[in-house]
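Just below is one structure, and these are the notes that go with it.
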Amino acid sequence: MFNRRVISGALAALLIGALSACGGGGGIDGSTHSATDASQSSGSTAQKAQPTPDTVTGLRDSVRHLAKKTVKATRPHTVTKCSSATKQVRHTSSSGTGTKKKTRTWYTTERYRKCAKVRSGTETYTRLVRKEQWCVSLDDVGGDTGRDDVWYQVTRVTYDQAVGTDEHARMEFAPTGTGC
């Protein structure tokens with residue numbers, strides 16, 4: 001018992017030491033700000049915010065709306081069929097101890113419902129082939145004049161904004177996917 005406590009205490013101390021070495025010298029409240037950080041942040045309010053890595057910038061080229069595409073298809077129709085069934089259940093009862101122990105066994109019949117899904121013909125349903133998509137094509141993506149006609153999937157709101165802007169107007173947005 002004593003050895004387990006010593007080992008668990010040593011492991012806890014080792015874990016705390018390893019985590020504090022990787023923590024980067026944070027304070028008790030978890031902050032890692034210094035005086036130089038504060039002086040740099042106070043003077044940087046006049047600078048323009050940098051775009052996040054998941055946004056793209058470029059010149060609006062064209063827009064495209066792809067309606068959702070569905071087809072009628074058939075699949076097997078399943079129904080649940082149930083039937084009554086019975087089973088023999090064994091019961092035992094013991095009394096006494098040692099060599100005078102007696103075991104009595106009897107059987108009863110229990111009824112239950114047995115259900116299973118079975119195939120019963122076919123059913124028609126609407127299968128979605130392609131979901132609705134809104135796309136915008138950009139030229140000069142990220143300021144690279146060689147990257148033209150790059151298609152991005154966007155939200156409906158971004159698509160509406162792109163429709164309302166002039167062609168070759170600068171746009172910045174976060175795409176939901178690439179290609180169209």
Side-chain angles (χ1 to χ4, degrees), residues 1-34 37-38 41 49-56 64-136 150-162 172-180:
M1 176 80 107
F2 180 71
N3 284 339
R4 284 187 182 172
R5 287 183 184 168
V6 171
I7 291 172
S8 64
L11 285 174
L14 182 65
L15 182 64
I16 290 171
L19 290 176
S20 64
C22 296
I28 295 174
D29 62 348
S31 64
T32 57
H33 298 294
S34 63
D37 291 339
S41 64
Q50 294 293 325
T52 59
D54 57 344
T55 62
V56 293
R64 181 184 297 165
H65 174 245
L66 300 172
K68 74 176 181 178
K69 187 175 183 181
T70 59
V71 293
K72 293 286 185 188
T74 58
R75 62 183 170 206
H77 179 69
T78 57
V79 294
T80 303
K81 290 214 173 193
C82 296
S83 61
S84 295
T86 59
K87 64 179 174 180
Q88 291 282 336
V89 179
R90 179 180 165 178
H91 304 278
T92 58
S93 173
S94 299
S95 63
T97 60
T99 59
K100 297 183 179 186
K101 186 172 186 177
K102 285 192 172 190
T103 303
R104 192 175 74 109
T105 304
W106 71 97
Y107 295 89
T108 59
T109 302
E110 289 188 359
R111 296 176 58 92
Y112 67 97
R113 288 179 56 94
K114 187 166 127 180
C115 298
K117 287 194 171 201
V118 294
R119 190 171 164 178
S120 174
T122 58
E123 64 181 356
T124 304
Y125 72 103
T126 304
R127 184 169 60 92
L128 183 66
V129 176
R130 178 186 64 217
K131 65 179 184 174
E132 188 172 20
Q133 294 178 349
W134 298 277
C135 304
V136 176
V150 180
W151 284 96
Y152 293 101
Q153 295 176 21
V154 295
T155 61
R156 173 72 189 261
V157 174
T158 306
Y159 173 81
D160 290 340
Q161 290 173 350
E172 179 180 338
F173 55 85
T176 58
T178 57
C180 193

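The structure displayed is predicted, hence computed values, not measured ones.
Between Thr178 and Gln153, the shortest heavy-atom distance links the atoms O-NE2, 3.7 Å. Pro76 approaches Glu123 most closely through the heavy-atom pair O-OE2, 4.2 Å. Nearest heavy-atom pair, Tyr159 versus Cys135, reported as atom, atom and distance to 0.1 Å: CD1-O, 3.8 Å.
Distance CZ/Arg119 to OG1/Thr78: 10.0 Å, rounded to 0.5 Å. Considering CG of Leu66 and SG of Cys180, their distance stands at 4.5 Å, rounded to 0.5 Å. A distance of 12.0 Å separates NZ of Lys81 from SG of Cys115, quoted to the nearest 0.5 Å. Note that OG1 of Thr176 is 11.5 Å distant from CG of Asp54, once rounded to the nearest 0.5 Å. Here CZ of Arg127 is found 11.0 Å from CZ of Arg75. Values are rounded to the nearest 0.5 Å. Note that NZ of Lys114 is 10.5 Å distant from OG1 of Thr86, once rounded to the nearest 0.5 Å.
For residues 93-103, the set of pairs meeting the side chain to side chain donor-acceptor pair (under 3.5 Å) definition, not counting sequence neighbours, is empty. Sorted by first then second residue, the ring-ring contact (aromatic ring centres under 6.0 Å, His included) pairs that include residues 96-128, not counting sequence neighbours, are His91-Trp106.
Residue His65 is tested with Arg156, Gln133, Glu132 for a side-chain hydrogen bond (donor to acceptor under 3.5 Å, both in side chains); the sole match is Glu132.
The environment of Arg111 atom CZ is sparse: at most 12 non-hydrogen atoms of other residues, nucleotides or ligands sit within 6.0 angstrom.
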Before giving the answer on side-chain contact (heavy atoms from CB on, under 4.5 Å), spell out for Lys117 and Thr80 the whole-Å C-alpha distance, their side-chain angles and the decisive distance to 0.1 Å.
CA-CA 4 Å; Lys117 287 194 171 201; Thr80 303; 3.9 Å; yes
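For the residue pair Gln88/Thr109, the side-chain donor-acceptor check at 3.5 Å is satisfied.
The side chain to side chain donor-acceptor pair (under 3.5 Å) check on Trp151 picks up nothing, with sequence neighbours excluded.
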